[in-house]
Structures are given as structure tokens and as C-alpha cells.
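Numbers restart at 1 for each chain; the letters A, B, ... are given by sequence-line order, proteins then strands. Because only heavy atoms are used, hydrogens play no part in the values below, and waters and symmetry mates are left out as well, while side chains stay in.
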There are 2 protein chains.
Amino acid sequence: MQASVRTKEAAAEVATRELTALTKHLLLTTSREMFHELEKAGISITQIKSLTFLAEAEEPLSVKALSDMIGLSLPGVSRAIDGLVQRGEITRVEDPRDRRSKLLTITPRGRRTYERVLATRMAGIRRFVDELDPEEQEALARGLSAVAGRLKR
Amino acid sequence: MQASVRTKEAAAEVATRELTALTKHLLLTTSREMFHELEKAGISITQIKSLTFLAEAEEPLSVKALSDMIGLSLPGVSRAIDGLVQRGEITRVEDPRDRRSKLLTITPRGRRTYERVLATRMAGIRRFVDELDPEEQEALARGLSAVAGRLKR
DNA sequence: TATTGTTATACTCTATAACTATA
DNA sequence: TATAGTTATAGAGTATAACAATA
């Protein structure tokens, strides 16, 4: 009884510690090229976050909803959105049910931009994975697959 | 032979895909409180990156070396450093072997700041881990421990 | 009156250019 | 002449405050 509790706690602690170390490692080794890719595309941090949330949202989002999700000020998001609309990455139309509100939807072009940036991060992660032994890759794949169902897709 | 190759490739692809999804998930769910913590502490992105590299460096670093590691301009790093020095988070002394260069070292206070910010990220990751079943925690811990040796500590 | 969104203004951050000191 | 670092200046980004439109 006590042993099982101890084991459970140890697993949670080990998982947390190792996951923290791994994300930190990936952050340090990939953030440079991420920033470079964003700069090349002329996309700000807030803009890529907006695209990310809009790409994964099932339905159109209001500026307010997006602002709450991202955790940035409404004017800041409004400005970021403005740039994305002008570039044709998203559409912004009045909500017929509440004309104060605007409904934001990602366009195919916006989705391509989002996926290009995502691919940059993926490439950095792929580099890390490729340096592992086959056994390490297997073990990592198994461990991650076990929790894949816990992530929003 | 061919089967083993296919398996190896599949493991790398699965690991990359799942690791990308997991880091994205953690980024979206924890970045808000990270920014909040940094703002509360009055620390900029460049400053926390500087503290991170200095905390993990074995020896003092020059401003140039730090600038190369972070991938930002020398003046930008110089400014960021300036704030950290004034706040007593790091020390900056002339390199006696090359008086053009300044040697940067993290102070105990700077280390505490770094660890407080790190703890914030860890707390977000811990929340994710705590929501998992014991079996999922076990599997994740095993998979991550297998690659722990590949990370700089 | 309250809420959604935009515009006005000020501040922070960072990059390029110019400069100083040392090699 | 080249390099390390700082200071000057400009541009991008974001927050608070003020405003307009709608509920």
C-alpha cells in the first residue's frame, strides 16, 4: 500500500523533472531558428499564437476570446489581428448575432503559414530524435504514445 | 533486416510527432503564466535567457559569447546584461587576459531568480503530469528517463 | 450601464550604425 | 586593422487610457 503510493509519487516526480529538462533543452536548441523563421515570415509572437489558436479552434473566435486564450491585452491582439487580416491569413467579419463582436477565421493561406512555422519546430525536434540510439527512440516513442490521448489535437 | 529498418524509422517518426505535439501542448498551457511571472519579476526574455545560459555555464562568459549563444545582437545583450548587473543578478568584470572583454558571472541572487522562473514552468508541467493515470505516469517516466543522458545538465 | 473592439499615446525592447578602448 | 563592448537612434510591439458602437 505504502509502497504503491511511493511508486506513484516517484513516477510523477521523475516524469515532471525529466519533462522539464527535455522541454528546456529543446527550447534552448530550437528557439533561435524559430525566431529566425518568424522574422523571415514577418510574423510577430502574438500573430503566430493567434494563428495557432485559430488553426486549432473548431469554430470562429472573437477577438475577445482570442485575447483571453493568449493572455494578452485586447488592443494588442486587435493590432496583431489587423496585420493578419491585411495579409490574408485570417478573415474578420461581424458576428450577426452580436454586432459588437467580430468573428475570426483562419484562411488556407494562414493555415499554410502556421504549418510552415510548425514544421520549423518539428525539424529541430527531429534533429534531437535522430541523434538517439534506436533503443532510445523506441523507448521515447512508447512513453510519449502512452500520453498522446491527453493532448488536444 | 528490412523490418528492423522500418521499425527504426517508425520509432523516430512517432517520437518526433508526439514530442512536437507534447511540447506544443505544454507551450500553450504554460506560456501565459511564464510571461506573467517574468513580468512580475521585471525580467525580459533576453534577460532570462542570459540568466539561463549563465546558470548552466561552468565558467564566466563574455558578452560576445552570450550573444552568440542566445542568437541576439551584441547591443541587445549588452543592454539586458546592464539591467541584470544593476539589480545584482550577475557580476561583470574586465577580463585581465583581454581587457576588451568582460566576464559575466551569475550571483546567488541571480540563481534564485532563475530557479524561481524555472519552478513556474515546472509547476505547469507538474499539473499536466498529475492529470495522468499512474500507468501513464510510469510509461512517461520510463520513456523520458531513457533519453535523459542526452540532455545537457 | 456594460461589453466588444479600435485608436491614441507612452514605454519597453532590440537592431543597425557610430564610437571607444584594446588587441 | 580587427575585435569587444557601449551609446545613439530608429522601428516594432504591447499596455493603459480614451473612444465608438452595440447590447
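Spacing between atom CG of Leu74(A) and atom C1' of dA15(D) amounts to 12 Å, rounded to whole angstrom units. In this structure, the NZ atom of Lys49(B) is 12 Å from the C1' atom of dT14(C), given to the nearest Å. Taking atom CD of residue Gln47(A) and atom C1' of nucleotide dA12(D), one finds them 11 Å apart after rounding to whole Å. Per the geometry, CD belonging to Glu39(B) stands 7 Å off P belonging to dT16(D), to the nearest Å. Taking atom CG of Leu84(B) as the reference point, atom P of dT12(C) lies 16 Å away to the nearest angstrom. Spacing between atom CG of Asp98(A) and atom P of dT3(C) amounts to 12 Å, rounded to whole angstrom units. Look at NZ on Lys64(B): it is 16 Å from C1' on dT22(C), rounded to the nearest Å. Distance CD1 (Ile81(A)) to C1' (dG13(D)): 15 Å, rounded to an integer number of Å.
Each of Pro75(A) and Arg100(A) lies near DNA chain D, and the nucleotide nearest Pro75(A) is the one positioned closer to the 5' end. Comparing Arg79(B) and Gly76(A) against DNA chain D, the residue whose closest nucleotide sits nearer the 5' end is Arg79(B).
The side chain of Thr46(A) places an N or O atom within less than 4.0 Å of a non-bridging phosphate oxygen (OP1 or OP2) of dT14(D). One finds a side-chain N or O of Arg92(A) lying less than 4.0 angstrom from the OP1 or OP2 phosphate oxygen of dT6(C). Using a 4.0 Å cut-off, no side-chain N or O of Arg97(A) falls inside it from OP1 or OP2 of dT4(C). OP1 or OP2 of dT22(D) has at least one side-chain nitrogen or oxygen of Arg99(A) nearer than 4.0 Å. One finds no side-chain N or O of Ser73(B) lying less than 4.0 angstrom from the OP1 or OP2 phosphate oxygen of dT16(C). Checking the phosphate oxygens (OP1, OP2) of dT6(D), a side-chain nitrogen or oxygen of Ser78(B) falls inside 4.0 Å.
The residue from Arg32(B), Arg121(B), Arg116(B) that alone fulfils the salt bridge (Lys or Arg N to Asp or Glu O under 4.0 Å) condition with Glu37(B) is Arg116(B).
The pair Lys40(A)-Glu33(A) fails the salt-bridge criterion, with no side-chain N (NZ, NE, NH1 or NH2) lying under 4.0 Å from an Asp/Glu carboxylate O. Taking a cutoff of 4.0 Å between a charged side-chain nitrogen and a carboxylate oxygen, Asp82(A) and Arg92(A) qualify as a salt bridge. Remark: Lys102(A) does not engage Glu94(A) in a salt bridge, criterion side-chain N to carboxylate O under 4.0 Å. Look at Arg99(B) and Asp95(B) and you find no salt bridge, because none of the NZ, NE, NH1 or NH2 atoms lies under 4.0 Å from a carboxylate O.
The side chain of Leu72(B) lies closest to dA15(C), out of dG5(D), dT14(D), dA15(C).
Contacts of Asp82(B) with the nucleic acid, taken as non-hydrogen atoms under 4.0 Å apart, are absent.
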